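Since we're looking at a predicted model, the values are computed, not measured.
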Amino acid sequence: MFGQLKLDDETFDEIFEYHKRKIPQIDRKWTDFNEHDPGITFLELLSWMKELQQFHLDQIGSENYKMFLKLIGMKQRRKKAVQTFAILYEIEKEFFLPKNSRIYAGDIVFETTEERCFSPNRLLSLSCDLEKKQGKVILRFAHPFPEEKYHRLYFKLSEPKEGKRQPIKEDFFPLIQWRLEAIRNGKKIPCRILKDETYGLLYSGEVQFVLEEEKGQKEHTELQNENEMLLCFVIESGEYDILPSIQAVEWNSIMVQQTETRSTYEEVSVLEDKKTVFLNSRMARQGKLEFYKEKAGIWYPIEIEKKSILPDKVKIQLKEEVKESETLYAVTYEVDFEAERNYEMDGFPFQQIRLEHTELLQDQIEIMVTCPFQENGFEQYQRVENFYHSGPEDRHFVFDEEQGCLYFGDCERGLAPKGELKIIRFISSRGLKGNIKEQQLKFFEDGTIPAKVTNYENTSSGADKETIEECFWRFMRESTHTHRAVTMEDYETLVRQTPGLLIHKVKATKAKIKSIKNVKSKSMKLKLSGLSNCDAYQIQYSMKKSFKGVKTVTKKSGSVTIKKLKLKKTYYVRVRTMKKIGGASYYGKWSGRKTVRIKK
């Protein structure tokens, strides 16, 4: 990929001999070229200095390439942890699953991204009555939903036979819009959809919603008993290109990601007594806890008076109150991580800390260091790419993901830490190696959980950090790709990149003049082709090759007659297709130019 520019391309002898041969051209009286001559001694010294400079100029390392990448507007992509949905089944009783609970696929660790209450509710029946522009999906559950902030359903869709849909982007607008209603105890309950990751049943994913207050009188429904509950998804607008095929619907699902959290922190709120805090993560239950109140950027530790583990949360009593002007942070970490998270720093320049784990995510390492001017206070150090823009008072550090090493400044570019250093966030991932196939999630770390777990989909979003070489190749691909619509291949490429489009085959066709004749008096007849999926033909004709003074007509038919032409003149004709979308007109490429002479 990189041009092999070799700056150290001359040896000492080559440099010396080249300049020694130049001496007679400068001074013919200088004839003694032996080593005892003082001039030759100086020439040898200067040749050695030149060879030394060439050697140092040729030492181009990774930092030089990174700076070059920055100059051309590129940045290496970081390691990415894969995410997928875990499906819980055969649930024996209602239970609470805290945040960061671990689920294993062999020796690969996945962690839940949130807490959730699971219940043994099950889907009794699924009725799917969909057409392209209307229809509904009715789900009948054995029990009403438990009281939660919001509810979710996971839809597993079959892959369309016609092809695979393009990946979506953030601004993608679904093909259909639908509303959701629930029926509980014979009453209709309006629902508000918070998030639809299926985009109207185009993709597998979750639908998150909340139940509003019950309204209206009881009405006749298909419920067999009052304990059952109906959910009804109704199409309000839009149109499907291909009707979706629902393979499964799961009530008990949760998002998991392939990470291993050894330490993390979060901002927490206190109750009215200013001392009581509730946490709901796995490490708050099983690990160690530290609390800090932050004021003016300084973190001050607070001691814990009492810790109580409840069924769905952890209750903490603090020894001192937290004022409204102060922000409270809870730091949680694994019991066996305590020795790895504490370091003593000496305040000298160029300090380093080599971590035992090398699979750490680059943006998931955070530290704090003893504040030099506040007793018992700590201040956070900020992670930066390098120290080029750091000042002598900047609390900065650099993390080398490949080496698993923390680097600190030299007191001129980045303040060197002194005192106690604590790691407050430490999350690792296997990246590309963390991708798994369907049904590989097998068991929970907590063997007492009354449920089984699996996953429905193969995962592929996990990725390793991009190498410098790969980043340069990506720049070459992106810089040579033009977002244009000129050639037929350009149109085909743009169609393939359309988010959410179901693509079986792409072939761009342009309008074509099949035949052109001088028929009746002062008229010509054209037979055209290529109108498929377009609205009309736009035809231009002129008596000049440059189409100067051109006349334009628009016709929907493939057989067009143009009258009132000039006798004994040659006309140049071309055609293109036209389509109107949302009030705007879009045109295809012009066909080849054809001629006809008006003889009659």
Side-chain angles (χ1 to χ4, degrees), residues 132-133 160-167 172-173 175 238-242 477 480-600:
K132 287 195 173 184
K133 292 185 178 182
K161 296 179 180 178
E162 291 79 5
K164 187 176 182 179
R165 289 194 183 275
Q166 290 292 96
F172 176 71
F173 192 78
L175 300 181
E239 179 180 358
Y240 279 116
D241 50 1
I242 298 293
R477 290 194 304 269
T480 55
H481 178 74
T482 54
H483 299 276
R484 63 180 189 181
V486 179
T487 67
M488 306 302 285
E489 291 77 12
D490 292 339
Y491 283 96
E492 293 172 1
T493 301
L494 290 174
V495 169
R496 291 191 187 97
Q497 295 174 350
T498 305
L501 192 65
L502 183 64
I503 298 176
H504 176 63
K505 185 179 180 181
V506 179
K507 180 64 178 176
T509 58
K510 64 180 180 180
K512 184 179 180 181
I513 303 174
K514 296 176 68 175
S515 65
I516 181 171
K517 296 179 181 179
N518 175 211
V519 285
K520 300 178 183 179
S521 178
K522 298 182 181 179
S523 63
M524 60 179 171
K525 186 174 182 179
L526 293 82
K527 287 189 177 181
L528 311 174
S529 64
L531 191 61
S532 178
N533 297 322
C534 294
D535 296 329
Y537 292 106
Q538 189 180 70
I539 306 162
Q540 287 188 344
Y541 59 98
S542 172
M543 289 184 289
K544 296 184 178 181
K545 288 183 180 180
S546 62
F547 284 89
K548 189 176 181 180
V550 69
K551 293 184 178 180
T552 305
V553 294
T554 302
K555 300 290 183 180
K556 294 184 178 181
S557 172
S559 180
V560 180
T561 301
I562 299 176
K563 302 179 180 180
K564 298 182 180 180
L565 303 175
K566 292 185 178 181
L567 197 61
K568 297 182 180 179
K569 294 291 184 180
T570 299
Y571 283 85
Y572 300 90
V573 186
R574 63 184 181 183
V575 64
R576 65 180 178 181
T577 53
M578 180 189 75
K579 186 174 181 63
K580 286 190 175 182
I581 302 176
S585 296
Y586 298 87
Y587 299 92
K589 188 179 178 182
W590 286 111
S591 67
R593 181 182 61 204
K594 288 202 172 185
T595 60
V596 61
R597 185 164 182 82
I598 307 303
K599 298 179 181 179
K600 55 182 178 180

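- Among residues two or more places apart in sequence or in another chain, the salt bridge (Lys or Arg N to Asp or Glu O under 4.0 Å) test is passed with Arg165 by Asp241.
- Legend: residues meeting side-chain hydrogen bond (donor to acceptor under 3.5 Å, both in side chains) with Arg593, ordered by chain and number and at least two apart, are absent.
- Side-chain atoms of Ser591 come within 3.5 Å of backbone N or O of Val575 as a donor-acceptor pair.
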Side chains of residues 513-528: which donor-acceptor partners sit under 3.5 Å, not counting sequence neighbours?
residue : atom : partner : partner atom : Å
Asn518  : OD1  : Lys599  : N            : 2.9
Asn518  : OD1  : Lys600  : N            : 3.1
Asn518  : ND2  : Ser523  : O            : 2.7
Ser523  : OG   : Lys520  : N            : 3.4
Ser523  : OG   : Lys520  : O            : 3.2

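- Environment of NZ in Lys555: sparse, with no more than 12 heavy atoms of neighbouring residues, nucleotides or ligands closer than 6.0 Å.
- To the nearest 0.5 Å, the span separating CH2 on Trp590 from CZ on Arg576 amounts to 4.0 Å.
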Could you go through residues 541-553 and list every donor-acceptor pair under 3.5 Å that involves a side-chain atom there, pairing it with any protein atom two or more places apart or in another chain?
residue : atom : partner : partner atom : Å
Ser542  : OG   : Lys544  : N            : 3.2
Ser542  : OG   : Lys548  : O            : 3.0
Thr552  : OG1  : Gln540  : NE2          : 3.4

Which donor-acceptor pairs under 3.5 Å do the side chains of residues 559-572 make with protein atoms, sequence neighbours left out?
residue : atom : partner : partner atom : Å
Thr570  : OG1  : Arg597  : NH1          : 3.0
Tyr571  : OH   : Lys566  : N            : 2.9

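- Judged as a ring pair (Phe, Tyr, Trp, His ring centres under 6.0 Å), and not counting sequence neighbours, Phe173 has no contacts.
- For the residue pair Ala536 and Lys556, the shortest heavy atom distance occurs at CB-CG, 4.1 Å.
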